[in-house]
Enquirer: 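I have a structure I would like to understand better, so I am pasting it below and will then ask my questions one at a time.
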Amino acid sequence: KAGVTQTPRYLIKTRGQQVTLSCSPISGHRSVSWYQQTPGQGLQFLFEYFSETQRNKGNFPGRFSGRQFSNSRSEMNVSTLELGDSALYLCASSSGTGIYGYTFGSGTRLTVV
Amino acid sequence: GIQVEQSPPDLILQEGANSTLRCNFSDSVNNLQWFHQNPWGQLINLFYIPSGTKQNGRLSATTVATERYSLLYISSSQTTDSGVYFCAVGYGGSQGNLIFGKGTKLSVKP
């Protein structure tokens, strides 16, 4: 079966712009979680969506938002980009029950200049 | 919140050597996973192992939930095993929020 698909793979944006990242989970998976990875902070949880509802949110400013569509595909949006938003953004697909493994996509590497 | 500590932070091995990576966590968990991050950044799920022992080829993992630690064993290491190994835990109500350790960076030399 197809894996988790994240697009785009690479992105360069200017400070102040906004960006939208996409994640298509494994077929049948209803949960999509988003993570930010930076050298300084490591892997940090952004938010999780299950059946189009945000169930959990990490400690990030409101500039970071997301949504999930009826086909379980998810998007995350970052508005008013800052240099510190440069990171690898990873999404994870799971059943949503919390008791099985997660499958991650290849990530989107965002560079803010 | 739950703390996850991994050791050692760095490990250099010769090809063919065995190694043990450790993950300690500070509270009860209902989800524990080991991942390997390859040089291109992708996280590959190695094991879902909130308790017990599992084996997959040259890799095996053991979690002793009552003592709050997990071990990842790599036998007969290969250069392709190089990368960063992460332990991540989830707890009741965390819903999607896996808490990651800082990782163990493994370098396997030919």
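Convention: sequence-line order gives letters A, B, ...; per-chain numbering from 1.
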Enquirer: Applying a criterion of heavy atom separation less than 4.5 Å, what residues of residues 57-89 of chain A form contacts with chain B?
Expert: A/Leu88
Enquirer: Do B/Leu11 and B/Val108 share a hydrophobic cluster, counting only Ile, Leu, Val, Met, Phe, Trp and Tyr and linking them when any side-chain heavy atoms are less than 4.5 Å apart?
Expert: yes
Enquirer: Using non-hydrogen atoms and a 4.5 Å limit, figure out which bit of A/Ser106 sits close to chain B: side chain, backbone, both or neither.
Expert: both
Enquirer: Do A/Arg109 and B/Trp40 have side chains that get closer than 4.5 Å, going by heavy atoms?
Expert: no
Enquirer: Does A/Arg15 CZ have over 12 foreign heavy atoms under 6.0 Å away?
Expert: no
Enquirer: Evaluate the side-chain proximity of A/Tyr102 to B/Asn31: yes if any heavy-atom separation is below 4.5 Å, no if none is.
Expert: yes
Enquirer: Is there a continuous path of hydrophobic side-chain contacts, each under 4.5 Å between heavy atoms, that joins B/Leu13 to B/Leu46?
Expert: yes
Enquirer: At a heavy-atom separation under 4.5 Å, does A/Phe47 approach chain B through its side chain, its backbone, both, or neither?
Expert: neither
Enquirer: Determine, using the 4.5 Å side-chain heavy-atom cutoff (strictly less than), whether B/Leu21 and B/Leu59 are members of one ILVMFWY cluster.
Expert: yes
Enquirer: Quick one: what part of B/Phe47 sits under 4.5 Å from any heavy atom of chain A, side chain, backbone, both or neither?
Expert: neither
Enquirer: Does the side chain of A/Thr103 come within less than 4.5 Å of B/Asn45's, by heavy atoms?
Expert: no
Enquirer: Considering residues, nucleotides and ligands other than A/Lys13, do more than 12 of their heavy atoms fall under 6.0 Å from its NZ?
Expert: yes
Enquirer: Mind checking whether A/Phe45 and B/Phe100 have ring centres under 6.0 Å apart?
Expert: no
Enquirer: With a 4.5 angstrom heavy-atom cut-off, is it the side chain or the backbone of A/Gln6 that approaches chain B, or both, or neither?
Expert: neither
Enquirer: Verify the cluster assignment for B/Val29 and B/Trp34: are they in a single hydrophobic cluster under the rule of side-chain heavy atoms below 4.5 Å apart?
Expert: yes
Enquirer: Is A/Ile12 atom CD1 crowded by more than 12 heavy atoms from other residues, nucleotides or ligands, each under 6.0 Å away?
Expert: no
Enquirer: Identify the two heavy atoms, one from B/Gln42 and one from A/Phe104, that lie closest to each other, and give their separation to 0.1 Å.
Expert: NE2-O, 3.3 Å
Enquirer: Taking A/Tyr35 for its side chain and B/Leu98 for its backbone only, find out whether a donor-acceptor pair lies under 3.5 Å.
Expert: yes
Enquirer: Starting at CG of A/Leu43, measure out to CD1 of B/Ile99 and round the result to the nearest 0.5 Å.
Expert: 12.5 Å
Enquirer: Starting from A/Leu21, can I reach B/Leu43 by hopping between I/L/V/M/F/W/Y residues whose side chains sit under 4.5 Å apart?
Expert: no
Enquirer: Does B/Glu5 CD have over 12 foreign heavy atoms under 6.0 Å away?
Expert: no
